[in-house]
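Protein chains get the first letters and strands the later ones, always in sequence-line order, with residue 1 at the start of each.
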There are 4 protein chains.
Amino acid sequence: MNHIALIGRLTRDPELRYTPNGVAVSNFDLAVDRPVPNQQGERETDFIRIIAWNKLAENVANYVKKGRLVGVEGRLQIRSYETQDGQKRRVAEVVASQVQFLDRGRDDSAAAGNG
Amino acid sequence: MNHIALIGRLTRDPELRYTPNGVAVSNFDLAVDRPVPNQQGERETDFIRIIAWNKLAENVANYVKKGRLVGVEGRLQIRSYETQDGQKRRVAEVVASQVQFLDRGRDDSAAAGNG
Amino acid sequence: MNHIALIGRLTRDPELRYTPNGVAVSNFDLAVDRPVPNQQGERETDFIRIIAWNKLAENVANYVKKGRLVGVEGRLQIRSYETQDGQKRRVAEVVASQVQFLDRGRDDSAAAGNG
Amino acid sequence: MNHIALIGRLTRDPELRYTPNGVAVSNFDLAVDRPVPNQQGERETDFIRIIAWNKLAENVANYVKKGRLVGVEGRLQIRSYETQDGQKRRVAEVVASQVQFLDRGRDDSAAAGNG
DNA sequence: TTTT
DNA sequence: TTTT
């Protein structure tokens, strides 16, 4: 089991690319707020990287922009890679299975998913 | 582990009551949409009963109304009771731990929780 | 968004049936414990109905038995029906998307899902 | 909303420390398996860093060891820091709110949480 | 690098 | 109707 549910705002427009074999993939960052315990009204923000594949990647790129509020479901993935000078790094990202659009007029609550 | 995450709209204003010993409790129903598989554009709706306690009950009663979009986190509880003519019945409800307000101006994304 | 995550024990063996058009469906109940607040060591139990479809229904029926510990992911569904004497009733059940087997030797942590 | 649910095994014994003002904090890594799509029987593993605070930190340190299967609930946090040579780095970790012990005899399904 |  |  590896399931994460987030609600937050995009910090930038999603970036849509295609793999060499034509699979759509898009990335964006989500600003997710939370209250600071015992500090009334204060909030802190986590900036969480999201990755979407296939039709969901295209829907996100077409319908969501910087500043929009979305709900995201997916799984947390830790990817390892090496920098050019040979250091090992790890990047955490949420692989989205569902993205739900939450503000803006009658589009409210529209949703997109894979599979 | 018993955790549920929902996004939906209230079908009526929340009802606020107090137990004999003065504990606030409020109830509302959430309309939660989902796509019907293989039926493009079709949606079905689950109507899910939510119960909130204490300060969260009061916040919900004060700030959320029928039609508003909210995110709810909590646990699924199955309560048993007997009808007046002695039949056993069971009711399912989500005991909310967090409610997040998702539409309406700069209130966007305000949140309330217990504990 | 409608996602639930549960860990609990089966209260009986799963029941496997097939719809008239040959789709596998299986049902079981999960006993899900939780601590009673402020009552050290006390626990209460929710008995939650699970329904699985297709290959997941068959895997569950084949590999899980009464008493086994499992993790379940899915969505909460409220189904309405009428009794023979015309009363309206509602039943809550979790439509499983994943079931993970959690005890018993090297089977530990085996998982099965749909789609 | 920021909620994650995981089931996995500890890759090492948890490490228990105390902050200068005496707050318990413990760290461990969880190996979380998932099936590789379209590759029958193949599995990949994410290694996810967990952090627990207060009484939960102490319970985890006392009762859980390397290799044990646990369920973890919490939130995903992205922490920024600077390396000694002034590079900015980010680390992702799950701040646990509940840890449930899932294997080993009658301890099965014991749980510990904060708040 | 960050959103309202 | 309930599991350990």
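One interatomic measurement links the two molecules: CZ of A:Arg34 to C1' of E:dT4, which rounds to 17 Å at whole-angstrom precision. Between the CG atom of C:Leu10 and the P atom of F:dT3 there is a distance of 11 Å, given to the nearest Å. One can place CE of D:Met1 at 23 Å from P of E:dT3, the figure rounded to the nearest angstrom. Here the C1' atom of nucleotide E:dT4 and the CG atom of A:Leu30 are 12 Å apart, to the nearest Å. Put simply, NZ on D:Lys88 is 12 Å from C1' on E:dT2, counting in whole angstrom units. Distance A:Lys66 NZ to E:dT2 P: 10 Å, rounded to the nearest Å. Atoms CG (B:Asn2) and C1' (F:dT3) sit 15 Å apart, rounded to a whole Å. The distance from atom CG of C:Asn27 to atom P of F:dT3 is 18 Å, rounded to the nearest whole Å.
Residue A:Lys65 is classed as having no contact, given no heavy-atom separation below 4.0 Å to the nucleic acid.
Between the side chain of A:Thr45 and the base of E:dT2, no donor-acceptor pair under 3.5 Å is found. On a pure distance criterion of 3.5 Å, a polar donor-acceptor pair joins the side chain of D:Arg90 and the base of E:dT2.
Counting only N and O atoms by type, the side chains of D:Glu73 and D:His3 include a donor and acceptor under 3.5 Å apart.
Stacking here means ring centres nearer than 5.5 Å and ring planes tilted less than 30 degrees, and by that measure C:Phe47 stacks onto F:dT2.
Here A:Arg89 pairs with A:Tyr81, A:Thr83, A:Gln87, D:Gln87, D:Arg89 under the side-chain contact (heavy atoms from CB on, under 4.5 Å) rule; sequence neighbours left out.
Between C:Met1 atom CE and B:Ile7 atom CD1 the span is 4.0 Å, to the nearest 0.5 Å.
Here the nucleotide nearest the side chain of A:Arg9, chosen from E:dT4, E:dT1, F:dT3, is E:dT4. Side-chain atoms of C:Asp29 lie closest to F:dT2 of the nucleotides F:dT3, E:dT3, F:dT2.
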Full working for side-chain contact (heavy atoms from CB on, under 4.5 Å) between B:Phe28 and B:Asp13: CA-CA 7 Å; B:Phe28 57 95; B:Asp13 289 352; over 6 Å; no

Do any side-chain atoms of residues 34-42 of chain A form donor-acceptor pairs under 3.5 angstrom with protein atoms, and if so which ones, sequence neighbours left out?
unit_1	atom_1	unit_2	atom_2	d
A:Arg34	NE	A:Asp46	OD2	3.2
A:Arg34	NH1	A:Glu44	OE1	3.4
A:Arg34	NH2	A:Glu44	OE1	3.2

